[in-house]
Amino acid sequence: MSYNAIVLQQYPEALIDDETFATQSFNEQPLQQGEFRVQVSHLSLDPAMRGWVSPDPSSYIPPVQLGEVMRSLGFGVVTESLNENYPVGTQVTGMTGWTEQLIAKEGELSIVPQSVDAEMALSVLGMPGLTAYLGYHDILQAQQRQTQSQQVSELQNGKPQTIVVTGAAGAVGSVVVQMAVADGLRVVALAGSEDKVRWLKDELGVDAAINYKTDNVAEALTEATPDGIDLFFENTGGEAQHTVIERMNPHGKVAVCGLIADYHSATPAPAPSWINLIKRRATIEGFVITDHFYRAQELAAGIMPYLQQGKIQSRTHVLEGLEAAKAGVNMLYSGDNTGKLIVKL
Ligand SMILES: NC(=O)c1ccc[n+]([C@@H]2O[C@H](COP(=O)([O-])OP(=O)(O)OC[C@H]3O[C@@H](n4cnc5c(N)ncnc54)[C@H](OP(=O)(O)O)[C@@H]3O)[C@@H](O)[C@H]2O)c1
């Protein structure tokens, strides 16, 4: 029996193109003791993939090697097993790669409860959701709005914190804004289309949504944040940074999660002046979720109350078939996805 996988054929110079990946057929190999075979049903497409197919060795994770199966998170079901901890039928997730099947060993993939489906396991309860929760809860330390009487004593001037979220209609950003709306913060969201802005306002309930492609970002942000900005969840880079740092309240916090606007440029855009960090005694912290995967269960447990109370809706953008992964990644850079981009095999 054979199966298909997509390997890295050539490092792209700019956007991923037709030459970047190639599909290869592999023969199934017999299992060794302790191993189990996984039929992969869903793949996750993530902005970080552009960095993974760059030969730069200085990032937080080594580049994918030429000829290697493309690195990717995925979800599948055990179809054959010589490991009693992963019986046939077990749902698993982790770094499957862009392949229809793989052989794994103990600890290489996480078991997913039967009550959680593939799309949820790759979105809200997967890497993007954990990233959102870590940045929002641990790094920004967002303060849940308390009862009316507590607000006056605990929150600045009795007002809720104001959070600005870029990439707000994406996999990570949409979870951040929904937690913040649920917690009673004033939420200002930036996204790149009218449809996304409408979804953020009408369905997710943000206080203000800005189309960074068509609105005057500085003016719109100023108008949307009359009490200044306490928290900034940065997913994209771009001009909003400058206004946010100028409008930061004392002891404001910035969580730098992603800078997708810079992933294809040789020279990153100039950052705001640091002078305001001193004036506002502000904190900026970059983070990568892979450093925190050992806390995955704890982080997922933090998201659960929002899910159980119906405060977070999971939105996925699903492409069909292994081949769709190759060009599909570029949708993340053009903004053609809304919510978590997934390939269903
Ligand atoms: N630090 C970590 O551990 C970690 C983990 C996961 C993700 N991330 C980062 O978090 C960010 C969001 O990731 P995601 O998985 O949730 O992706 P996503 O938001 O679902 O998809 C990417 C979105 O980025 C926006 N975008 C693309 N080019 C842009 C540009 N030049 N300027 C502004 N926005 C642009 C597009 O939305 P618009 O239509 O709104 O432009 C696109 O839909 C990415 O930067 C990613 O690298 C970091």
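Note that ligands are numbered from 1 as they come in the structure, with each ligand's atoms numbered from 1 the same way. Model, not experiment: these values are computed from the prediction.
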Only heavy atoms of [X], strictly under 4.0 Å: list the atoms of ligand 1 that pass.
X      : value
Ala261 : 30 (C), 31 (N), 32 (N)
Leu259 : 45 (O)
Gly258 : 9 (C), 45 (O)
Ala191 : 40 (O)
Ile260 : 22 (C), 24 (O), 26 (N), 27 (C), 28 (N), 29 (C), 34 (N), 35 (C), 45 (O)
Gly339 : 20 (O)

Looking at [Y], is its backbone amide N or carbonyl O close enough to the side chain of [X] to form a donor-acceptor pair, meaning the two atoms are under 3.5 Å apart?
X      : Y      : result
Asn83  : Gly34  : yes
Asp230 : Thr162 : yes
Asn216 : Glu219 : yes
Gln29  : Asn27  : yes
Glu234 : Val165 : no
Arg186 : Val181 : no

Task: Close approach of Met127 to ligand 1, heavy atoms, under 4.0 angstrom - done: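 Heavy atoms of Met127 do come under 4.0 Å of ligand 1.
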Task: Within-shell test, Gly135 vs ligand 1, heavy atom, strictly < 4.0 Å - done: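 Gly135 does not count as a contact of ligand 1 under the 4.0 Å cut-off.
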Could you check [atom] against the protein and tell me its nearest heavy-atom contact, residue, atom and distance included?
atom                    : result
atom 12 (C) of ligand 1 : Asn235 OD1, 4.0 Å
atom 13 (O) of ligand 1 : Pro47 CG, 3.5 Å
atom 27 (C) of ligand 1 : Leu332 O, 3.2 Å
atom 7 (C) of ligand 1  : Val172 CG2, 3.8 Å
atom 48 (C) of ligand 1 : Cys257 O, 3.0 Å
atom 47 (O) of ligand 1 : Tyr263 OH, 2.6 Å
atom 3 (O) of ligand 1  : Ile289 N, 2.7 Å
atom 33 (C) of ligand 1 : Tyr212 OH, 3.1 Å

Within the structure, does [X] bring an N/O atom to less than 3.5 angstrom of an N/O atom in ligand 1?
X      : value
Lys213 : no
Phe287 : yes
Lys196 : yes
Asn337 : yes
Gly192 : yes

Is it true that [Y] and [X] share a donor-acceptor pair across their side chains at a distance under 3.5 Å?
X      : Y      : answer
Asp291 : Tyr60  : no
Glu28  : Gln101 : yes
Arg37  : Thr79  : no

- [ ] Going by heavy-atom distance to atom 36 (C) of ligand 1, choose the closest among Gly335, Ser44, Ala171.
- [x]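 The residue whose heavy atom sits nearest atom 36 (C) of ligand 1 is Gly335.
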Enter the distance from [X]:[atom1] to [Y]:[atom2] here, rounded to the nearest 0.5 Å.
X      : Y      : atom1 : atom2 : result
Glu100 : Leu322 : CD    : CG    : 5.5 Å
Asp195 : Thr338 : CG    : OG1   : 7.0 Å
Glu68  : Leu8   : CD    : CG    : 8.0 Å

Open item on the list: Regarding Asp138 and Arg295, does a basic nitrogen lie under 4.0 Å from an acidic carboxylate oxygen?
Closed with: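 Arg295 and Asp138: salt-bridged.
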